[in-house]
Amino acid sequence: MENHLKELNTAQKEAAVHVHGPLLIVAGAGAGKTKTITHRIVNLIKQGVAPERILAVTFTNKAAKEMRERIIYEIEKNVKEIISGQNSIPFVSTFHSLGVCIIKENARLLGLTKYFTILDERDATTLIKEIQKELGIDPKQYDPKKIKNIISREKGKFVHLADYSEREKGVYGEIVTQVWNLYEKKKLKENSLDFDDLLLKSTKLLKENEEIRKIYQERWEYIHIDEYQDTNEVQYLMSKMLVENNKNICVVGDADQNIYSWRGANLKNILSFKKDYPEAKVILLEENYRSTKNILEAANVVIKKNKYRPDKNLFTKNVTGEKIGLYEALDENDEADFVATKILEICDTGKNVFERTLGSRNVLGAHFLNGDGQRKFSAENFRGESESIFSGIAILYRANFQSRALEEAMLRYNIPYQVLGVKFFERKEIKDTLAYLRAALNPQSLSDIKRIINFPARDIGKVTLLKIFANDMENLPIKMKIKINNFYKTLEAIKEKISNSKISEVIKFVVKKSGIEAELGSDGEEGIERLENIKELATLALKYDSLEGSQGTEKLLEDASLASDQDSLMITNERKKEMNAVKLMTMHASKGLEFKYVFITGLEDRLFPHEKSSETIDMDSEEERRLFYVAVTRAKEKLFLSFANFRTIFGSRQINAPSEFISDIPADLLEKEGKTDIIKTIYI
């Protein structure tokens with residue numbers, strides 16, 4: 001037996017040694033799918049397949065980074081002698097990054113340069129809002145974000161503007177058509193694309209240009225697609241076209257973890273794989289290496305109620321573990337209070353004493369006393385031993401608004417926390433710095449020019465800006481012309497720096513040359529903090545310094561534009577090794593992550609399962625159940641469930657019934673939780 005296969009179980013090994021033809025790996029939660037894909041790729045290389053002929057695609061930069069690192073490690077360990085002298089590894093990327101690669105290599109055919117700008121969701125929505133005003137369409141009456149979502153959803157279905165305008169003849173459809181039409185024209189003029197274009201245009205190119213399609217079919221002989229249940233129509237078509245010649249496609253997924261239909265993910269893609277590829281081999285990975293038996297049994301019982309799923313049953317050789325904790329709260333504040341005190345109890349197990357100050361808050365301090373009013377914890381420094389425990393705890397919720405009460409509780413008890421979803425790349429100072437880089441490479445990007453031409457302040461007004469964009473600067477005052485010329489000279493200097501310097505050095509240059517450093521440095525503590533964030537960007541950029549010429553800058557800009565919530569967490573952990581804090585996030589954002597302790601909050605009817613809304617939610621009851629299944633299977637050792645009898649939503653206090661998901665779990669797996677009676681908070 002090959003050494004690298006010894007650590008695999010029977011099903012994983014069967015998948016890893018499969019070589020020719022289509023393969024479907026149905027991988028349950030925590031069943032080692034990344035490990036299996038990694039060893040399959042290593043085995044292909046051992047069988048003589050050149051690494052550069054292998055493609056692996058997933059959905060987040062975090063997942064792609066993890067897979068790439070594992071593959072490199074296993075190659076170094078097992079097949080280095082086979083590829084010695086070759087400077088190549090398999091191409092591992094997200095779907096969007098793959099789209100960027102194809103578009104950059106064929107930019108001219110799309111009327112673009114390779115330095116095209118990628119508009120993030122916020123920038124795209126802002127552009128649509130501006131277009132509405134230009135067309136005389138009231139943004140208050142017709143929400144720009146809703147229009148953007150409609151365009152995005154249609155693109156995800158591989159629907160083009162002409163198809164949409166032919167189909168939708170109503171008033172709203174006509175408005176969307178007008179906005180969409182001008183939106184595409186402005187993006188082309190600015191040499192920019194949005195997220196959906198990265199998939200739509202690359203797939204369209206493959207479909208309509210046989211010569212280009214053959215290039216990529218020959219380049220990648222073996223294709224692996226992770227999280228196949230999350231693919232939309234465009235991703236499905238892209239995958240199918242890339243493998244249509246040799247059918248060497250390996251997809252990994254789990255119908256039970258399909259939770260993104262509202263983003264266009266189509267469950268039929270994985271359910272119909274055997275129909276698309278009749279000769280496909282199907283392998284089930286059912287052994288879970290993550291959770292205890294009690295947690296896994298609860299997950300299995302819950303998900304079996306769904307009808308549209310291939311039958312499988314996860315099992316584990318892990319310990320039985322503790323029962324699942326269930327807390328009935330009075331309201332959201334009581335629920336948050338329970339979560340916070342339970343976290344303190346988890347972190348302080350085995351300690352005798354505890355007392356902490358509350359820092360800069362208006363309360364002088366907090367003493368934690370036992371039920372008899374006697375001091376339970378002393379003034380010992382609590383954090384030392386507890387920090388690593390904090391990072392192993394996650395609090396999950398169905399809707400973002402739920403985080404408010406939970407955050408307040410974390411602050412009240414001085415528990416370090418991090419809200420997943422607050423993206424590093426969305427901070428103003430970071431976006432400003434990146435905009436200078438993009439504008440230097442792509443002066444046609446009016447969105448970036450508009451963002452930075454007055455930061456730092458240059459006293460360039462809206463009228464002047466319009467004249468600049470209209471190439472009508474002749475009648476401007478001479479002083480204004482000098483300011484504008486100096487601005488463009490700054491961009492030229494940055495572009496020159498990009499071509500001959502490492503990206504980390506380029507960022508330092510941008511901050512000085514643009515005047516950002518002087519501007520923020522004179523803006524008190526807030527300005528200094530924002531400057532520190534830009535310094536962190538330069539530190540983060542070090543990993544791109546090995547790329548030649550402008551490639552480092554291009555790759556940083558690409559990754560920044562495509563960063564997801566989980567990628568933001570990865571960035572934080574790279575910068576600070578690991579942030580020792582409790583993680584707060586939606587259940588959707590938790591997919592792919594795991595934690596020692598997990599709190600699932602807000603288990604109330606109409607909140608979770610969520611009350612259906614045709615405007616904001618497009619989920620059936622089975623998807624809500626899949627979402628609960630995903631949340632439950634994030635827990636490794638201990639799971640807590642909680643619900644509130646009363647909850648204030650949109651200013652209205654509502655009476656709630658417990659979620660049906662709670663009653664789905666067998667009673668013998670549950671134990672009632674109460675607020676610990678050894679902790680009471682007295683403010684002095």
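Reckoned from all heavy atoms, side chains included, excluding hydrogens, waters and symmetry mates. Throughout, numbering of the chain's residues begins at 1 and tracks the sequence.
In this structure a side-chain-to-backbone donor-acceptor pair under 3.5 Å is missing from Glu168 to Glu174. Here the side chain of Asn442 pairs no donor or acceptor atom with the backbone of Ala439 at under 3.5 angstrom. Although no hydrogens or angles enter the test, the distance criterion places a donor-acceptor pair under 3.5 Å between the side chain of Asn209 and the main chain of Ile212. In this structure a side-chain-to-backbone donor-acceptor pair under 3.5 Å is missing from Asp163 to Val159. Under a 3.5 Å cut-off, the side chain of Thr601 and the backbone N or O of Leu396 do form a donor-acceptor pair.
To the nearest 0.5 Å, atoms CD1 (Ile102) and NZ (Lys201) are separated by 14.0 Å. Expressed to the nearest 0.5 Å, how far CD1 of Ile118 lies from NE2 of His96 amounts to 9.5 Å. Distance check: Asp120 CG to Ser561 OG gives 6.5 Å after rounding to the nearest 0.5 Å. With values rounded to the nearest 0.5 angstrom, Glu184 atom CD is found 9.5 Å from His160 atom NE2. Rounded to the nearest 0.5 Å, atoms CG (Leu441) and CG (Leu557) are 6.5 Å apart.
A cation-pi arrangement is found for Lys428 relative to Phe455, the charged atom lying closer than 6.0 Å to the ring centre and inside a 45° cone about the ring normal. Seen from the ring of Tyr142, Lys146 does not count as a face-on cation partner, given the 6.0 Å and 45° thresholds. The cationic group of Lys104 does not satisfy the cation-pi geometry with Tyr115, failing either the under 6.0 Å distance to the six-membered ring centre or the 45° limit from the ring axis. In this structure, Lys497 forms a cation-pi arrangement with Phe509, its terminal cationic atom sitting closer than 6.0 Å to the ring centre and no more than 45° off the ring axis.
For the side-chain contact (heavy atoms from CB on, under 4.5 Å) criterion with Leu627, the lone passing option out of Met587, Lys591, Glu622 is Met587.
Other residues, nucleotides and ligands contribute more than 12 heavy atoms inside 6.0 Å of the NZ atom of Lys483.
No side-chain donor-acceptor contact under 3.5 Å links Thr553 and Ser550.
His588 and Trp262 have their aromatic ring centers within a separation under 6.0 angstrom.
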